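Read the structure below first, then the notes.
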Amino acid sequence: MNELNVQGSQSTPCIRGDWEQGTLAMEGDSYPENSFEFFGPVIDWVERFLKDSSMPLKLELKLVYMNTSSVKAMMDIFDLLEDAYTQGRQVSVNWFYDPRNERVLDLADEFREDCSFPFEIAADVR
C-alpha cells in the first residue's frame with residue numbers, strides 16, 4: 001500500500017502521504033511517547049517513495065510544536081531528502097507556521113540551514 005494516513009492526536013501530528021501526488025503532509029503538535037515508533041512508518045514511506053518512484057517529493061509541514069525526539073526524526077527525514085537531492089532527485093519542503101509562534105519559525109529556519117534542497121518557510125495566515 002502506497003498511501004500513508006496517520007490519524008493525529010493531541011500529542012501527534014496528522015500525517016498524509018499521497019504517492020500519486022508525491023506529497024507528504026504533517027500537521028499539528030509532535031510529542032509522541034515514542035517518536036521512533038511513531039515516525040518509523042513515515043521514514044519507511046519516504047525511503048520507499050524515493051527508491052520506487054521517480055516523481056518529485058514535496059513535504060508540506062504545519063507543525064506547531066516538536067519535542068527533541070520528534071526533531072531528531074524530522075532530521076532523519078531531511079537527511080533522506082538531502083541524499084536524494086544530491087543524487088538529482090527533485091525534493092522540496094514547504095513549512096507553514098503560525099506568525100504568532102516565532103519558536104516554530106526559528107526551528108524551521110534551523111532545519112533549512114542544513115538543507116541544500118528547496119526549503120520554503122511561510123506564515124500560515126488562514
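These figures come from a predicted structure and were not determined experimentally. The analysis underlying the following values was restricted to heavy atoms, covering all of them including side chains, and did not include hydrogens, waters or symmetry mates.
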**Q.** With sequence neighbours excluded, residues passing side chain to side chain contact (heavy atoms under 4.5 Å, CB included) with R89
**A.** F49, L50, A84, V91
Q. Which heavy atom in V64 sits nearest to a heavy atom in N101, and how many Å separate them?
A. O-ND2, 3.4 Å
Q: Would you please name every residue forming a side-chain hydrogen bond (donor to acceptor under 3.5 Å, both in side chains) with E47, sequence neighbours left out?
A: none
(Q) Does this structure show an ion pair linking D76 with K72, if we count only N-O contacts that are shorter than 4.0 Å? (A) yes
Q | Gap separating the CZ atom of R48 from the CG atom of L4, nearest 0.5 angstrom | A | 8.5 Å
Q.
Connecting only ILVMFWY residues whose side-chain heavy atoms lie within less than 4.5 Å of each other, what is the rest of Y31's hydrophobic cluster?
A. Y65
Q) Hey, mind stepping through D124 and E27 against side chain to side chain contact (heavy atoms under 4.5 Å, CB included) and telling me if it holds? A) CA-CA 12 Å; D124 187 6; E27 182 172 0; 5.9 Å; no
Q. From S9 OG over to F38 CZ, what is the distance, rounded to the nearest 0.5 angstrom?
A. 7.0 Å
**Q.** R16 side, atom CZ; L24 side, atom CG - distance, nearest 0.5 Å
**A.** 9.5 Å
**Q.** Sequence-distant partners of S70, side chain to side chain contact (heavy atoms under 4.5 Å, CB included), two or more places apart
**A.** S30, P32, S35, F39, M66, N67
**Q.** Those residues that, when tested against D83, pass side chain to side chain contact (heavy atoms under 4.5 Å, CB included) (two or more places apart)
**A.** none
Q. ring-ring contact (aromatic ring centres under 6.0 Å, His included) with F111: which residues, sequence neighbours excluded?
A. F78, W95
Q) Who are the side-chain hydrogen bond (donor to acceptor under 3.5 Å, both in side chains) partners of R112, not counting sequence neighbours? A) D109
Q) What distance do L81 atom CG and I77 atom CD1 have between them, rounded to the nearest 0.5 Å? A) 8.0 Å
Q. So how far is it from F117 CZ to E82 CD, rounded to the nearest 0.5 Å?
A. 6.0 Å
Q) Do M75 and L107 sit in the same hydrophobic cluster, where Ile, Leu, Val, Met, Phe, Trp and Tyr count as joined when their side-chain heavy atoms come under 4.5 Å apart? A) yes
Q. Does N94 have any side chain to side chain contact (heavy atoms under 4.5 Å, CB included) partners at least two apart in sequence or in another chain, and if so, which?
A. K58, F96, E120
Q: Check side-chain hydrogen bond (donor to acceptor under 3.5 Å, both in side chains) between D114 and all other residues, then give those that pass, not counting sequence neighbours.
A: none
(Q) Does I15 form a side chain to side chain contact (heavy atoms under 4.5 Å, CB included) with W45? I'd like the steps, not just the answer. (A) CA-CA 11 Å; I15 301 175; W45 188 91; over 6 Å; no
Q: Would you check if V104 and D98 make a side-chain contact, meaning some heavy-atom pair closer than 4.5 Å?
A: no
Q. In the hydrophobic clustering (ILVMFWY, side-chain contacts below 4.5 Å, transitive), which residues join F36, or is it alone?
A. none
**Q.** Close side-chain approach of E20 to N2, heavy-atom, < 4.5 Å
**A.** no
Q. In chain order, what residues pass the side-chain hydrogen bond (donor to acceptor under 3.5 Å, both in side chains) check against T86, with sequence neighbours excluded?
A. none
Q | Inter-residue atom distance N34.CG - T12.OG1, 0.5 Å rounding | A | 12.5 Å
Q.
Going by salt bridge (Lys or Arg N to Asp or Glu O under 4.0 Å), name the pairs with one or both residues in residues 28-41, residues two or more places apart or in two chains.
A. none
